[in-house]
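In what follows, chains carry the letters A, B, and so on, assigned in the order in which the sequence lines appear, proteins first and then strands, with residues in each chain numbered from 1.
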Amino acid sequence: MGSITFNVRDYDLSATLISGQVFRWQHRDGSWVGVIGNHWVRLRGDEFSISANTAEPVSDWNWLIDYLQLDLDLTVVLSKFPADEPMRAAASACHGLRLLRQDPWECLASFILSSTKQIVQIQQIITLLCERFGQPVPGGPTFDAAYAFPSAARLARCTEADLRACKMGFRAPYLLETARLVASHQFDLERPRALPIETARDELIKLPGVGRKIADCVLLFAYGFQSAFPVDVWVMKALRQLYFPKRKVTMHRLHRFAGEHFGVCAGYAQQYLFHYMRTKGKFKNPNPKFDTSPELK
DNA sequence: GCCCAGGTGAAGC
DNA sequence: GCTTCACATGGG
């Protein structure tokens with residue numbers, strides 16, 4: 001068994017793992033259990049440290065340091081947020097929220113499955129997918145079955161019915177076709193890394209089931225494009241309510257505003273807005289009758 | 001029963 | 001160029 005403890009500052013592990021950027025972590029007995037690559041991992045975080053246990057010995061922990069982005073100085077990121085009241089409130093309420101650095105294939109496939117689904121349902125779908133088609137990996141001391149995220153090659157060999165049986169509904173043909181394009185190397189998942197963000201986004205959007213929003217999620221959560229700004233229903237409501245109250249604003253306009261207003265760490269700002277909206281409910285609004293924020297869920 | 005969910009693609013104007 | 005609609009499935 002591998003074991004290590006990292007000293008950290010400003011790192012809320014729980015908020016990070018449940019903030020809708022990743023769907024594989026389960027809370028058990030005060031710890032977080034998941035699989036990163038082929039490593040079963042148990043994580044435990046407190047105010048000043050994150051400790052990790054693995055099922056097998058580990059000599060090089062760089063994969064975990066990279067995944068958790070432990071070398072990132074959050075105060076630098078926060079200092080680049082716009083100095084407006086909404087961002088101050090979100091930053092204050094979501095202290096220690098972080099962005100992970102995920103595997104591109106797992107991230108891409110996961111977000112293809114995310115469209116018009118609640119986070120708990122995305123988790124259920126992905127759990128089924130991993131149990132049925134993922135490579136088993138040595139699990140923890142409780143000997144729970146653990147599975148790697150299924151490779152593109154493995155999913156490419158599935159039938160659409162196989163995938164639909166994982167409750168993913170109309171997303172099944174999108175995932176299947178994308179898996180085939182990746183597995184056959186018609187789409188190179190390493191290529192976007194070296195491209196400018198706009199070009200990388202255009203490439204991702206060519207994949208079936210991938211539009212602007214899912215492309216931005218993969219750019220941000222997997223490739224680390226810090227300026228990517230995914231706009232889902234929550235972020236859209238936040239932007240409209242906070243920055244364009246009682247005005248009709250197109251998505252195109254929202255994207256343009258986001259690109260101009262949130263700066264080089266726009267992706268982080270987006271995650272703070274998203275998490276704040278989902279967990280803390282309503283922002284203070286100077287004009288309550290214009291408040292259209294969704295109910296707390 | 002109803003509405004909604006970390007949307008996308010196709011069809012209609 | 002917009003706007004509208006279908007698409008599976010499950011939670012509240």
Inset, instruction - Using the aromatic ring of A:F274 (for Trp, its six-membered ring), decide whether it stacks on the base of B:dG6 within the limits of 5.5 Å and 30°. - result: yes
Legend entry - Salt-bridge contact A:R212-A:D216 (side-chain N to carboxylate O under 4.0 Å): yes
Inset, instruction - Go through the side-chain N and O atoms of A:D202 and A:T199 and say whether any donor and acceptor fall under 3.5 Å apart. - result: no
Inset, instruction - Scan side-chain atoms only and decide if A:R44 and A:S51 contain a donor-acceptor pair under the 3.5 Å cut-off. - result: no
Inset, instruction - Go through the N and O atoms of the side chain of A:Q118 and the base of C:dG11, and report whether any donor-acceptor pair is under 3.5 Å. - result: no
Inset, instruction - Could you tell me whether A:V235 contacts a base, only the sugar-phosphate backbone, or nothing, with contacts defined as non-hydrogen atoms closer than 4.0 Å? - result: base
Inset, instruction - Report which part of the nucleic acid A:F221 touches: base, sugar-phosphate, or nothing (heavy-atom distance under 4.0 Å, all strands). - result: base
Legend entry - Integer-rounded Å distance: B:dG6 P and A:L108 CG: 19 Å
Legend entry - Whole-Å P distance, B:dG6 and C:dT4: 23 Å
Inset, instruction - Specify the residue among A:S115 and A:K248 whose closest nucleotide of DNA chain C lies further upstream toward the 5′ end. - result: A:K248
Inset, instruction - Would you indicate what A:L207 reaches in the nucleic acid, counting non-hydrogen atoms under 4.0 angstrom: base, sugar-phosphate, or nothing? - result: sugar-phosphate
Inset, instruction - Send over the distance from A:Y174 OH to C:dC7 P, rounded to a whole Å. - result: 11 Å
Legend entry - C:dA8 and B:dA11, which share atom name P, separated by this distance in whole Å: 15 Å
Inset, instruction - Mark yes or no for a side-chain to base donor-acceptor pair under 3.5 Å between A:K213 and B:dT8, with no hydrogen or angle criteria applied. - result: no
Inset, instruction - Name the nucleic acid region contacted by A:T116, choosing base, sugar-phosphate or nothing; use a 4.0 angstrom heavy-atom cut-off, strictly under. - result: base
Inset, instruction - Quick one: label A:G209 by what it contacts on the DNA or RNA (base, sugar-phosphate, nothing), any heavy atom closer than 4.0 Å. - result: sugar-phosphate
Inset, instruction - Report the residue from A:H275, A:R98, A:Q271 that forms a side-chain hydrogen bond (donor to acceptor under 3.5 Å, both in side chains) with A:S19. - result: A:Q271
Legend entry - Rounded distance in Å - CD1 (A:I125) to P (C:dG11): 11 Å
Inset, instruction - For A:I122 and C:dA8, give me the distance from atom CD1 to atom C1', rounded to whole Å. - result: 14 Å
Inset, instruction - Mind calculating the distance between CE (A:M168) and P (B:dG7) to the nearest angstrom? - result: 16 Å
Legend entry - Upstream residue (5' side of DNA chain B) when A:V120 and A:I205 are each assigned their closest nucleotide: A:V120
Legend entry - Note: A:R201-A:E198 ion pair, threshold 4.0 Å (strictly below): no
Inset, instruction - Would you kindly compare A:G169 and A:Q124 by the position of their nearest DNA chain C nucleotide and give the one closer to the 5′ end? - result: A:G169
Inset, instruction - Give me the ring orientation class for A:Y268 and A:Y272: parallel if the planes are under 30° apart, tilted from 30 to 60°, perpendicular past 60°. - result: tilted
Inset, instruction - Send over the distance from A:H255 NE2 to B:dG7 C1', rounded to a whole Å. - result: 12 Å
Legend entry - Side chain A:Q271 and base B:dG6 donor-acceptor under 3.5 Å: yes
Inset, instruction - Just compare B:dG7, B:dG6, C:dG10 and give me whichever is closest to any side-chain atom of A:Q270. - result: B:dG6
Inset, instruction - Remember a base hit wins even if backbone is also touched, and classify A:S19 as base, sugar-phosphate or nothing at under 4.0 Å, heavy atoms. - result: base
Legend entry - For atom NZ of A:K117 and atom P of C:dG12, their distance in whole Å: 13 Å
Inset, instruction - Starting from C1' on B:dT8, measure out to CG on A:L175 and report it in whole angstrom. - result: 14 Å
Legend entry - Below 4.0 Å: OP1/OP2 of B:dT8 and any side-chain N or O of A:R171: no
